[in-house]
Amino acid sequence: MQTLYLECSAGISGDMLAAALLDLGADKEALRKALDSIPAAGFRYEISRVSKAGVDCCDFNVLLDAELENHDHDMEFLHGAPAHGHEHEHEHCHHHHDHEHEHEHCHAPHEHHHAHEHRGLNEVIAIINAVDMSENAKKTALKIFDIIAAAEGKAHAVPKEQVHFHEVGAIDSIVDVVAIAVCLDSLHIDEVIVPELCEGRGSVRCQHGVLPVPVPAVANIMQAYGLKVRLLPVQGEFVTPTGAAAVAAVAVFAVVAVPIFAVIFSVTVLPAV
C-alpha cells in the first residue's frame, strides 16, 4: 500500500502540490501527454529545478499568454510583499526564469479564449473529460473542481452549476488540477495523509475586492471537509482554493509515520528570519 504524507507547513496550492509529486517521481511523460491534450490555448508550462530555502526541489509553473493573464490578486496584499506589477494569482506568483535550469514548454493548439473569459462548471467538466489521462486521474480532477464549485457557490449564494470560474477556473488552475490528478495516479497512491493545513493571516486582493485570509472559498472547503488548520503569525495567503480542494478530494487526516514523504516548499510563503 502506497501512502503519501503531505507536510503543508508552508501552505498548499496547485502548482506547489504538482511540483512535490513530480519530485517524488511522478511520470513526466504521462503528465506531458495530458497537458498537451488540454483543449485550450494560450498557456505553456515549465518544469525546472530551483532552490527554495536552500533546498533543491522541483518547480512546476504555468505561464499564460498576455491576453489571458489573471491579475485578480494584488501582490501588495499577498504575503505582505510589495507590489511587483502584474502577476498571476497566488498559485503562480512565484515564477522562476533561471535559464540555467531546463524548462519544458507546451502550447495547446486548440480553441482560443478572450482575456478573463468566465467558465461555468459544465465547461470545465467538458475540458477535463477531453484530456488524455486515465479514468482514475479524470475522476480525481473532476472531484477537485466539484469541491471548488460548491465552495464558490456557497460564497456567492448560487448553485455550483451557476458559478463562473473567473479566478480558480482560469486555464492555469485547470492545468494545475490536471497535473495533480495525473501525478497522483502515476505514483499509484492508495492513501493521502495531511495532518494539518497552515494558513496565514491578513487580507488579499481579488476581483471582488479585498478579502480576509482564508478567502471565503477556502474557508468553506475547510469547514465542509473538517480540514485541520493552524493559523501562522505571518501575513499572507498560504492556502489557495485549488490547494484546499485537492486536499479535500484525496486526503485523510492523521499524524502517523508513513513510507512516502513529501514536503511542499515555497519561498514566498515562508516568514522572514
Colleague: Is K139 paired with D185 through a side-chain N to carboxylate O contact shorter than 4.0 Å?
Modeller: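 No.
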
Colleague: Quick one: list whatever passes side chain to side chain donor-acceptor pair (under 3.5 Å) with E196, sequence neighbours left out.
Modeller: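 Testing E196 for side chain to side chain donor-acceptor pair (under 3.5 Å), a comparison that skips the adjacent residues, returns R230.
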
Colleague: Look at K160 together with D146 and state whether they make a salt bridge at an N to O cut-off of under 4.0 Å.
Modeller: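 Counted as a salt bridge, because a side-chain N and a carboxylate O are separated by less than 4.0 Å.
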
Colleague: Among residues at least two apart in sequence or on other chains, which ones pass salt bridge (charged side-chain N to carboxylate O under 4.0 Å, His left out) with R201?
Modeller: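 In terms of salt bridge (charged side-chain N to carboxylate O under 4.0 Å, His left out), with neighbours along the sequence ignored, R201 is linked to no residue.
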
Colleague: Are the side chains of V218 and T240 in touch, meaning some heavy atoms are under 4.5 Å apart?
Modeller: no

Colleague: Output all residues satisfying side chain to side chain donor-acceptor pair (under 3.5 Å) with N220, sequence neighbours left out; order by chain, then residue number.
Modeller: none

Colleague: Not counting sequence neighbours, which residues clear salt bridge (charged side-chain N to carboxylate O under 4.0 Å, His left out) with E161? List them please.
Modeller: none

Colleague: Anything under 3.5 Å between a donor and an acceptor, one on a side chain of residues 125-133, the other on a protein residue two or more places apart or in another chain? List them.
Modeller:
unit_1 : atom_1 : unit_2 : atom_2 : d
N129   : ND2    : I125   : O      : 3.3

Colleague: Going by side chain to side chain donor-acceptor pair (under 3.5 Å), name the residues that satisfy it together with D27, two or more places apart in sequence or in a different chain.
Modeller: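 D27 satisfies side chain to side chain donor-acceptor pair (under 3.5 Å) with no other residue.
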
Colleague: To the closest 0.5 Å, what do you measure between CD (Q2) and CD1 (I189)?
Modeller: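 Rounded to the nearest 0.5 Å, the CD-CD1 separation comes to 5.5 Å.
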
Colleague: Give a yes or no answer on whether the side chain of D59 reaches the backbone of V50 with a donor-acceptor pair at less than 3.5 Å.
Modeller: no

Colleague: To the nearest 0.5 Å, what is the distance between CG on L184 and CG on N136?
Modeller: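 The distance works out to 9.0 Å.
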
Colleague: To the closest 0.5 Å, what do you measure between CD1 (I47) and CG (D23)?
Modeller: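 The CD1 atom of I47 sits 11.0 Å away from the CG atom of D23.
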
Colleague: How many angstroms lie between atom CE of M16 and atom OG1 of T242, to the nearest 0.5 angstrom?
Modeller: 12.5 Å

Colleague: Going by side chain to side chain donor-acceptor pair (under 3.5 Å), name the residues that satisfy it together with K143, two or more places apart in sequence or in a different chain.
Modeller: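 For K143 there are no side chain to side chain donor-acceptor pair (under 3.5 Å) partners, ignoring immediate neighbours.
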
Colleague: Of all residues at least two apart in sequence or in a different chain, which pass the side-chain contact (heavy atoms from CB on, under 4.5 Å) check with A181?
Modeller: A137, T140, A141

Colleague: So, are K154 and E152 salt-bridged, with charged N and O less than 4.0 Å apart?
Modeller: no

Colleague: Quick check against the 3.5 Å criterion: does E123 have a side-chain atom that pairs as donor or acceptor with the backbone of G120?
Modeller: yes

Colleague: Under 3.5 Å, is there a donor on one side chain and an acceptor on the other for D56 and S51?
Modeller: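 The answer is no; no qualifying pair exists.
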
Colleague: What distance do I12 atom CD1 and I180 atom CD1 have between them, rounded to the nearest 0.5 Å?
Modeller: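 Result: 7.0 Å between the selected atoms.
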
Colleague: Roughly how far apart are F60 CZ and D176 CG, rounded to 0.5 Å?
Modeller: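 F60 atom CZ to D176 atom CG measures 5.5 Å (nearest 0.5 Å).
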
